[in-house]
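Just so you know, residue 1 is the first one in the sequence shown, and it goes up from there. The basis for the numbers below is simple: all heavy atoms, side chains too, and nothing from hydrogens, waters or symmetry mates.
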Amino acid sequence: MHITGNVTSTAGNLQARAPSASSAESARIRSDVDAARTTALSALNNDRFRVMLEQISDPRASGALMAMGADSNNSAATDLNTALSRYAENSE
């Protein structure tokens, strides 16, 4: 899957939408938007990310995830503090 689109700078659009913003603020927002666009395009063109998206969007995967969910009637459920301490022990 390869996604392409209009990835031109947002300078013109930003100035048209926010004429009252200061130029420093406009530049910061423009830079943030351009960085987000670049990151999103990079992720979408990354094969590992694409495979992960395909796997989690598979209906069989969502069924498996639901089966792993906590059951409120399950007395063996682990509370958050126990899980955190076990994680810390295993991370050492």
Side-chain angles (χ1 to χ4, degrees):
M1 175 166 89
H2 182 76
I3 297 177
T4 60
N6 184 1
V7 293
T8 58
S9 177
T10 58
N13 293 338
L14 184 61
Q15 289 173 353
R17 291 183 192 162
S20 61
S22 70
S23 63
E25 181 71 8
S26 295
R28 184 191 63 77
I29 292 170
R30 185 171 44 253
S31 174
D32 290 349
V33 169
D34 289 339
R37 178 180 289 111
T38 301
T39 302
L41 286 172
S42 174
L44 289 173
N45 291 318
N46 182 305
D47 283 338
R48 290 188 307 173
F49 186 78
R50 178 190 51 79
V51 169
M52 184 269 312
L53 281 178
E54 288 174 357
Q55 289 174 348
I56 65 172
S57 63
D58 183 358
R60 293 172 295 185
S62 59
L65 290 172
M66 289 299 293
M68 292 188 315
D71 183 6
S72 61
N73 297 328
N74 186 355
S75 61
T78 303
D79 67 289
L80 178 62
N81 290 332
T82 303
L84 290 173
S85 66
R86 288 181 185 165
Y87 178 78
E89 290 171 4
N90 291 327
S91 296
E92 293 176 354

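- At least one donor-acceptor pair under 3.5 Å links the side chain of T39 to the backbone N or O of A35.
- At least one donor-acceptor pair closer than 3.5 Å links the side chain of T38 to the backbone N or O of D34.
- Transitive grouping of hydrophobic side chains (ILVMFWY, heavy atoms separated by less than 4.5 Å) brings I56 and F49 into a common cluster.
- Taken from OG in S57 to CE in M52, the straight-line distance is 9.5 Å, to the nearest 0.5 Å.
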### Task
Take R28 and E25, measure what salt bridge (Lys or Arg N to Asp or Glu O under 4.0 Å) needs, and give me the verdict at the end.
CA-CA 5 Å; R28 184 191 63 77; E25 181 71 8; 2.7 Å; yes
